[in-house]
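Just below is one structure, and these are the notes that go with it.
The basis for the numbers below is simple: all heavy atoms, side chains too, and nothing from hydrogens, waters or symmetry mates. Proteins get letters first, then strands, A, B, ... in listed order; numbering begins at 1 in each.
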2 protein chains.
Amino acid sequence: MKNLADILELDGPAGPPTERMLQILTEACRLFATRGFDGVSVRDIAQECGISKATLYHHFPDKDAILRPLVMGITRSLHQRVLRAIPAEAEPAEKLRAFMVESARFFEEYRWAFIVSSTVFWTDPQARQRRQRIEWRDRHEALLRIILEEGVQRGAFRIEDIGMAGRLVLGALNWMPKWYDPKGPLPASAIAEQFYDVLLAGVGARPDVITI
Amino acid sequence: MKNLADILELDGPAGPPTERMLQILTEACRLFATRGFDGVSVRDIAQECGISKATLYHHFPDKDAILRPLVMGITRSLHQRVLRAIPAEAEPAEKLRAFMVESARFFEEYRWAFIVSSTVFWTDPQARQRRQRIEWRDRHEALLRIILEEGVQRGAFRIEDIGMAGRLVLGALNWMPKWYDPKGPLPASAIAEQFYDVLLAGVGARPDVITI
DNA sequence: GGCACCCAACCGATCGGTCGGTCGGGCCGC
DNA sequence: GCGGCCCGACCGACCGATCGGTTGGGTGCC
């Protein structure tokens, strides 16, 4: 995982996060991703960091306070990074490609946090910063929808239901964590490129073109 | 949820599952899907069924024994149902369509169990019947791969990397539980049809065809 | 001395699971 | 028909373990 501090916004009233806090967040993130939030005890996190549980509670008020910045940071940063990666003047197809590739790249860099974020979205009916998180996610989905709509209007895309097309794209990308192997032959960005190719041209052969 | 008994294989040495066991499985399934396995206590399940915890343990040896048939049954039944829904003599494209639509239909019928199964796959590093479950999943993925390969060989599909194309398809389908609303306008099968259309023809406009 | 950091020991609550016992309906010998 | 018996379904009370979180007291650096 790249520097986890980049995606966090802990530098509020308490100043920038300390080295120890980052260590706790990093270890907790990896544990949450592999065993789930409820499957990891505060003792586990402390032990993994080589400190006592009481020390951990010196840096964080409660268990939720460890999870929250991870989920929140990932949701926000994903959108911001993808948004920044999309060239303003490009063709819609190129924008879609940028959206998909940058999403995959982000996933690869912050894999554990990405997994935590996407699993927590489920089993969390109430509070945990839900509103603000959903706001970012909606903004992200809106960005994709705008790209697709622009493509349709400019004649680059041919889409019946934009919402459904968007969900197909996001589904393929968001499902990646479940099977992606960082030691595999292809980086996530290359996989996203392939997805893009299939998505744009379809898998169906085009006899009408071939037989001209 | 349709009759949960259809997907279970509890009728082993102990005979067919009793009404009470089915009730426990049904309620537990719904709770697991919404709050996660670790987020649901045995007390919760018992209370939801209107029985005491001791009574629940009279019907199941432990908590895992409630989860196991759900996850196992879904994984196995999904494959079997989809396999049966694919016509042997059809074109590859029609087979792919049947694969996707039947998967969606199955998800819609056994929505809670489907969600439980797909979430449990994560946070479960060890035992819980992992080997047998993965066997069914692999068989399912192999089925899709065979369809795609046949399509390529018969000139119906134009695919660079079959594994990646398959993962795109499965990703879109498996992600559905996260956003699908059973009270929405479209049934899951109709959504799968749309996915199929996009997948086959792609979203890119085809000026080469239009300008003939 | 004061502050940030750290710890062993402890707290009440809740976890998965067990125990001894109650209840009611079928089934037997008579 | 009927007392005695059995047994599956059920329950309240309890178990040790572990949960998230707290307390009070160190230790070392400014």
Side-chain angles (χ1 to χ4, degrees), chain A residues 5 10-29 31-32 34-71 116 120 123-129, chain B residues 5 10-29 31-32 34-71 116 120 123-129:
Chain A
L10 288 174
D11 38 0
T18 63
E19 205 57 44
R20 183 65 91 189
M21 290 170 80
L22 278 176
Q23 181 199 10
I24 293 170
L25 284 165
T26 306
E27 299 294 343
C29 185
L31 291 174
F32 289 160
T34 51
R35 311 213 308 253
F37 182 73
D38 290 327
V40 177
S41 73
V42 178
R43 285 167 179 81
D44 294 335
I45 302 171
Q47 186 178 9
E48 206 73 9
C49 295
I51 59 176
S52 75
K53 189 160 62 77
T55 299
L56 189 150
Y57 273 99
H58 173 72
H59 296 280
F60 290 91
D62 53 46
K63 195 184 177 188
D64 261 10
I66 307 175
L67 176 67
R68 230 176 307 140
L70 291 172
V71 175
V116 169
V120 162
T123 53
D124 184 11
Q126 71 272 19
R128 281 214 271 263
Q129 260 192 330
Chain B
L10 288 174
D11 39 0
T18 64
E19 206 56 46
R20 184 62 93 189
M21 289 170 81
L22 277 177
Q23 182 200 10
I24 293 171
L25 285 166
T26 306
E27 299 294 344
C29 185
L31 290 174
F32 288 160
T34 51
R35 309 212 310 252
F37 182 73
D38 290 327
V40 177
S41 72
V42 179
R43 285 166 180 82
D44 294 335
I45 302 171
Q47 187 178 9
E48 207 72 9
C49 295
I51 61 177
S52 74
K53 189 159 63 80
T55 300
L56 191 149
Y57 273 99
H58 174 72
H59 296 281
F60 290 90
D62 52 46
K63 196 184 176 189
D64 261 10
I66 307 174
L67 176 66
R68 230 175 307 141
L70 291 173
V71 175
V116 169
V120 162
T123 53
D124 184 11
Q126 71 272 18
R128 279 212 273 263
Q129 258 190 334

For B/Lys53 and D/dA13, give me the distance from atom NZ to atom P, rounded to whole Å. 13 Å

Angle separating the five-pair end axes of the helix from C/dG1-D/dC30 to C/dC30-D/dG1, nearest 10°, is 10°

Over how many whole Å does the gap from B/Tyr57 atom OH to D/dA13 atom P extend? 19 Å

If you round to the nearest 0.5 Å, how far is CG of A/Asp38 from CZ of B/Arg35? 10.5 Å

I need the A/Ile45 CD1 to A/Gln23 CD distance, nearest 0.5 Å. 11.5 Å

With rounding to the nearest 0.5 angstrom, report the CD1 to CD distance, A/Ile51 to A/Glu27. 10.0 Å

Starting at CG of B/Asp44, measure out to CD of B/Gln47 and round the result to the nearest 0.5 Å. 7.0 Å

How close do B/Val120 and B/Leu67 get, counting heavy atoms only, and between which atoms? CG2-CD1, 3.8 Å

Tell me the closest heavy-atom pair linking A/Leu25 and A/Phe60, and the distance in Å. CG-CZ, 3.8 Å

Spatial distance of atom SG (A/Cys29) from atom CG (A/Leu22) [nearest 0.5 Å]: 11.5 Å

Would you give the length of the straight line joining atom NZ of B/Lys63 to atom CG of B/Leu56, rounded to the nearest 0.5 angstrom? 11.0 Å

Would you classify B/Ser52 as touching base, sugar-phosphate or nothing, given that sugar-phosphate means primed atoms plus P, OP1 and OP2, and contacts are heavy atoms under 4.0 Å? base

Start and end of the DNA chain C segment that chain B contacts, any atom under 4.0 Å from a heavy atom: C/dC15 to C/dC19

N/O (side chain, B/Thr55) to phosphate O (OP1/OP2, D/dC10) under 4.0 Å: no

Pick base, sugar-phosphate or nothing for B/Arg43, based on heavy-atom distances below 4.0 Å to the nucleic acid. base

If you find the nucleotide of DNA chain C closest to A/Ala54 and the one closest to A/His58, which residue's nucleotide is nearer the 5' end? A/His58

Which residue lies more 5' along DNA chain D, comparing B/Leu56 with A/Asp44 via nearest heavy atoms: B/Leu56

